[in-house]
Amino acid sequence: MSDKIESKSGIVVSPKAKPIVGGTAIPADIMENFVERAQEFGVSVSEEQQELFSRFYGLIIVKNRMMNLTKITEPEEVAEKHFLDSIALAGVIDLSGRHSLLDMGTGAGFPGVPLKITFPKLKITLADSLHKRIIFLQETIAELGFSGVELVHGRAEDLARMDGYREKFDIVVSRAVASLPTLVELCMPFVKVHGKFIAYKGGDCDEEIDSAKNAIALLGGEIAEIRNFTLGEAGRTFVVVDKVKKTDAHYPRRAGLPGKRPL
């Protein structure tokens, strides 16, 4: 993998990824439970993939001591609320092909890194506005030996104006903590016509979905499916939006407006 990270202002050449050492593995019983539950979403996790998940967990724990990646650090919680939640996407869309997938607002790499572990053919782009998270992900990608992963530093409002990203992806996903109308405006411009935007949301989001219908129509989409499921005691929802026509060049609006004044 190249040590170049794409930035909204061009190519930023970062220092060579440094090894992250001293990580903690996921206990065997927790991993066994994770593997069993992954099958509920049609995902088989091989021994090699289990090792990658365990190493990823270790990298998160080490780096979390130096920067705020996640408040969820216990192995059982990470396995369920980060890993299992991420790969649950396979329950609503076939990920076995060589699709291009953008994870917008990836944070510590969710859902993009778990999806890459379980579906290595995916061509994944991880985008985040915080540069230190991108540096962590560069180190992680190097440690896990991935290819076919691009790291992008920048705000969605800016990246969507770049020809290399606008309407270039088969699938765009986001677990970002933002309202659905805001996510629709930030993510739909990246989706190819006939592609899909899929938002990870909580279980009780009917009002949020209703409030996003105007934005979905304006951005060239149609709701294809609303899939509810449970993860432990928590309700979860996938909102699947089909891109049926090109997004008007006016969108997304300038930085900050999609959140302050949702469509």
Side-chain angles (χ1 to χ4, degrees), residues 6 8 85-86 88-95 97 99-107 110-112 115 122-130 150-202 205-228 236-263:
E6 185 77 15
K8 66 183 180 183
D85 188 59
S86 292
L89 184 69
V92 295
I93 188 170
D94 181 8
L95 297 170
H99 304 294
S100 57
L101 184 147
L102 169 64
D103 177 5
M104 178 53 66
T106 186
F110 304 115
L115 289 173
L122 287 174
K123 182 179 179 182
I124 287 187
T125 299
L126 306 174
D128 201 88
S129 62
L130 193 61
E150 181 181 5
L151 304 175
V152 185
H153 171 232
R155 294 181 66 108
E157 297 96 326
D158 300 315
L159 296 172
R161 301 292 175 190
M162 300 174 66
D163 290 340
Y165 300 108
R166 191 175 184 89
E167 298 189 324
K168 298 296 184 182
F169 296 92
D170 300 313
I171 306 164
V172 177
V173 298
S174 184
R175 288 176 86 226
V177 181
S179 71
L180 188 56
T182 298
L183 287 178
V184 167
E185 183 172 358
L186 295 178
C187 294
M188 284 292 286
F190 296 95
V191 185
K192 292 178 180 178
V193 175
H194 306 308
K196 295 181 183 294
F197 165 55
I198 305 176
Y200 288 68
K201 303 300 294 183
C205 61
D206 290 347
E207 289 186 10
E208 192 174 349
I209 293 169
D210 285 340
S211 71
K213 288 179 179 178
N214 181 57
I216 291 169
L218 281 174
L219 276 291
E222 292 180 353
I223 294 178
E225 182 179 4
I226 298 169
R227 179 75 64 90
N228 299 303
R236 299 290 286 153
T237 303
F238 283 119
V239 182
V240 183
V241 179
D242 284 344
K243 182 79 168 273
V244 296
K245 63 181 180 180
K246 292 177 71 68
T247 298
D248 189 287
H250 179 69
Y251 301 107
R253 293 166 293 167
R254 63 182 173 84
L257 282 181
K260 292 177 183 177
R261 296 207 300 267
L263 295 172

- For E222, which residues count as a side chain to side chain donor-acceptor pair (under 3.5 Å) partner, sequence neighbours excluded? none

- Query: Can any side-chain N or O of T125 pair as donor or acceptor with the backbone N or O of E150 at less than 3.5 Å?
  - Reply: no

- Item | Atom pair NZ (K243) and NZ (K196), whose distance is rounded to the nearest 0.5 Å | 13.0 Å

- Task: For T106, check side chain to side chain donor-acceptor pair (under 3.5 Å) against everything at least two apart and list the hits.
- Result: D103

Let me have the donor-acceptor pairs involving side chains of residues 252-263, under 3.5 Å, with sequence neighbours excluded, atom names and distances please.
{"unit_1": "R253", "atom_1": "NE", "unit_2": "E185", "atom_2": "OE1", "d": "3.4"}
{"unit_1": "R253", "atom_1": "NE", "unit_2": "E185", "atom_2": "OE2", "d": "2.9"}
{"unit_1": "R253", "atom_1": "NH1", "unit_2": "R261", "atom_2": "O", "d": "3.0"}
{"unit_1": "R253", "atom_1": "NH2", "unit_2": "E185", "atom_2": "OE1", "d": "2.8"}
{"unit_1": "R253", "atom_1": "NH2", "unit_2": "R261", "atom_2": "O", "d": "2.5"}

- Message: So does R227 get a backbone contact from the side chain of T237, meaning a donor-acceptor N/O pair under 3.5 Å?
- Response: no

- Message: Donor-acceptor pair, distance only, cut-off 3.5 Å: does the side chain of E208 make one with the backbone of L180?
- Response: yes

- Residue set satisfying side-chain contact (heavy atoms from CB on, under 4.5 Å) with L130, at least two apart, ordered chain then number -> D128, K132, R133

- Could I get the full list of side chain to side chain donor-acceptor pair (under 3.5 Å) partners for D85, not counting sequence neighbours? R175, R236

- Nearest heavy atoms of C187 and V172, plus distance in Å: CB-CG1, 3.9 Å

- Task: Measure across G221 and V241 and return the closest heavy-atom pair with its distance rounded to 0.1 Å.
- Result: CA-CG1, 4.0 Å

- Kindly write out the residues that satisfy side chain to side chain donor-acceptor pair (under 3.5 Å) with K192, not counting sequence neighbours, or none if the list is empty. D170

- Task: Might you point out which heavy atoms bring L122 and G97 nearest each other, and give the distance in Å?
- Result: CD2-O, 4.0 Å

- Please identify each residue that fulfils ring-ring contact (aromatic ring centres under 6.0 Å, His included) with F238, with sequence neighbours left out. Y200, F229

- In this structure, OH of Y165 is separated from CG of L102 (nearest 0.5 Å) by 9.0 Å

- Residues at least two apart in sequence or cross-chain that pass ring-ring contact (aromatic ring centres under 6.0 Å, His included) with F110, listed by chain then number, are F56, H82

- Rounding to 0.5 Å, atoms CZ (R166) and NZ (K168) come to a distance of 11.0 Å

- Note on the structure: Applying side-chain contact (heavy atoms from CB on, under 4.5 Å) to K246 and not counting sequence neighbours gives E167, V193

- Message: Going by salt bridge (charged side-chain N to carboxylate O under 4.0 Å, His left out), name the residues that satisfy it together with K213, two or more places apart in sequence or in a different chain.
- Response: D210

- Check salt bridge (charged side-chain N to carboxylate O under 4.0 Å, His left out) between R161 and all other residues, then give those that pass, not counting sequence neighbours. none

- Query: Is there a side-chain contact between I93 and I171, using heavy atoms and a 4.5 Å cut-off?
  - Reply: yes

- Residues that D248 engages under side-chain contact (heavy atoms from CB on, under 4.5 Å), provided they are two or more places apart: H250, Y251

- Closest heavy-atom pair and its distance - L115, S86: CD2-O, 3.6 Å

- Gap between atom OG1 of T182 and atom CG of L186 - 0.5 Å precision: 6.5 Å

- Note on the structure: In short, G202 meets C205 closest at the heavy-atom pair O-SG, 3.5 Å

- Query: Within the side chain of S174, is there an N or O that forms a donor-acceptor pair under 3.5 Å with the backbone of M104?
  - Reply: yes

- Atom pair CD1/CE of I216 and M188 - distance to nearest 0.5 Å: 7.5 Å

